[in-house]
Asks: 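The structure follows.
Indexing begins at 1, ligand by ligand and atom by atom, following the structure's order.
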Amino acid sequence: MSYKVTLIPGDGIGPEVVTATVRILEATGVRFEWESFAAGAEAYEKYHEYIPKELTASVERTHVGLKGPVTTPIGGGFSSINVALRKQFELFANFRPIINLPGVPTRYPGVDLIVVRENTEGLYSGIEHEVVPGVVESLKIITEKASTRISRFAFEYARRFKRKKIHAIHKANIMKLSDGLFIRCSRNISKEYPEITYGEHIVDNTCMQLVMNPYQYDMLLLENLYGDIISDLCSAFVGGLGLVPGANFGHECAIFEAVHGSAPDIAGKDMANPTAVLRSGILMLHHLGEHQAGRHIEAALAHVYTQKKHITRDVGGTAGTTEFADAVIDAMRTIAPPQPELQEVEM
Ligand code: ATP
């Protein structure tokens with residue numbers, strides 16, 4: 001049996017980190033049939049479409065995607081392909097686990113925090129216009145439907161995976177209607193989950209609270225823009241953007257991608273850390289029910305990071321992307337896959 005997966009290598013460091021990840025995923029022995037497509041500027045050059053029809057058809061067929069970052073031009077040009085894909089496939093829940101890796105020293109050891117970000121609306125709706133020259137307007141769309149849906153996702157996850165606390169993050173003191181609606185929906189849903197402690201924190205205070213003491217939080221529930229910003233902040237707790245994975249879930253399909261962008265400053269130099277995309281690939285394995293393979297890579301990763309001989313520059317090493325991937329594959333050959341856990345749940 002093999003899994004058909006839509007592969008979007010992306011651009012910038014995308015192709016390097018995705019190639020490394022694909023090699024490691026295949027080394028588990030799980031069989032994949034990759035359906036690979038360009039997106040963004042590269043796709044436009046070839047097909048005059050930023051998201052080719054073939055890519056869309058592939059995701060509709062496979063229901064699972066693994067994606068590298070796609071560059072978004074700043075201050076003009078085409079709209080974000082990353083955002084467009086999330087909207088197109090109704091991938092309403094962005095899920096980002098912030099968990100330390102053994103062997104990567106950070107200011108905060110033992111962090112285990114989950115960021116759940118609404119993925120389809122807020123200021124990311126991209127509805128902007130010039131009212132008169134020198135005055136522009138950008139609309140923040142918050143709906144009861146999307147706010148309830150993302151809250152339900154967070155609480156259901158917490159129940160299934162026995163998480164203790166959820167904090168809804170907002171600025172409802174200023175944005176009384178939009179953020180007010182978001183927290184009202186979260187509060188309503190929270191009543192159906194009495195075993196999970198529910199709290200609400202204002203977003204600016206949350207930034208300070210996180211830096212002072214990230215351990216006070218268990219799961220954060222945020223609208224789109226706050227989720228984007230807080231995710232990057234939280235990535236620093238565990239060693240930076242090169243390490244933090246992500247998943248975008250909808251009712252029909254899921255696309256797995258790192259929190260980081262295309263990092264043009266280090267693209268094409270075999271310098272990027274593929275761990276974030278690899279850990280996104282591990283989330284994909286768990287989603288597919290391939291828990292044993294996922295845990296095998298996790299054990300190999302822990303070994304490589306603990307040994308410190310083949311780690312990349314962003315975490316204090318000197319290895320390139322390829323050398324790191326080779327080391328993980330070598331470690332998988334020498335380390336037996338961990339025993340299955342008693343009860344494993346598919347995401
Ligand atoms: P976007 O807004 O598109 O998500 P971003 O603003 O988060 O992008 P990135 O492109 O992710 O920015 O890069 C931010 C910084 O983090 C850069 O200096 C980059 O070199 C570093 N970085 C990002 N990803 C990695 C990685 N996989 N390995 C090493 N360094 C990385």
Asks: Would you mind listing which atoms of ligand 1 come within a distance below 4.0 Å of any non-hydrogen atom of Asp314?
Replies: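 Going through ligand 1 atom by atom, the ones under 4.0 Å from Asp314 are 29 (C).
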
Asks: I want to confirm something. Looking only at heavy atoms, which of Ile74, Ile229, Asp265 is nearest to atom 17 (C) of ligand 1?
Replies: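 Considering heavy atoms of Ile74, Ile229, Asp265, the nearest to atom 17 (C) of ligand 1 sits in Asp265.
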
Asks: Just heavy atoms, cut-off under 4.0 Å: does Thr71 contact ligand 1 by side chain, backbone, both, or neither?
Replies: neither

Asks: I want to confirm something. Looking only at heavy atoms, which of Asn82, Ile266, Thr312 is nearest to atom 30 (N) of ligand 1?
Replies: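 Residue with the shortest heavy-atom distance to the ligand atom: Ile266.
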
Asks: Counting from 1, what ligand 1 atoms have a heavy atom of Ala263 closer than 4.0 Å?
Replies: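 Answer for ligand 1: 10 (O), 19 (C), 20 (O), 23 (C).
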
Asks: For ligand 1, does Ser262 get within less than 4.0 Å through its side chain, its backbone, both, or neither, judged by non-hydrogen atoms?
Replies: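 Near ligand 1, Ser262 shows its backbone, while the atoms from C-beta on stay back.
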
Asks: Number the atoms of ligand 1 from 1 as they appear, then name those within less than 4.0 Å of a heavy atom of Asn273, with their elements.
Replies: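 Those atoms are 26 (C), 27 (N), 28 (N), 29 (C).
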
Asks: Classify the contact between Thr275 and ligand 1 as side chain, backbone, both or neither, using a heavy-atom distance cut-off of under 4.0 Å.
Replies: neither

Asks: Would Tyr305 and Thr275 satisfy side chain to side chain donor-acceptor pair (under 3.5 Å), going step by step from the backbone distance to the final call?
Replies: CA-CA 10 Å; Tyr305 273 102; Thr275 304; 2.6 Å; yes

Asks: Report yes if the distance between the aromatic ring centroids of Tyr198 and Tyr193 is under 6.0 Å, otherwise no.
Replies: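 For Tyr198 and Tyr193, the ring centres are not under 6.0 Å apart.
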
Asks: Under 4.0 Å from any heavy atom of Gly242, which atoms of ligand 1 are there?
Replies: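 Counting atoms of ligand 1 from 1, those under 4.0 Å from Gly242 are 26 (C), 27 (N).
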
Asks: Give me the ring orientation class for Phe92 and Phe153: parallel if the planes are under 30° apart, tilted from 30 to 60°, perpendicular past 60°.
Replies: perpendicular

Asks: When you compare the side chains of Asn224 and Glu121, does any donor N or O come within less than 3.5 Å of an acceptor on the partner?
Replies: no

Asks: Heavy-atom distance to atom 5 (P) of ligand 1: which of Ser231, Gly261, Ala272 wins?
Replies: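 It is Gly261 that holds the nearest heavy atom.
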
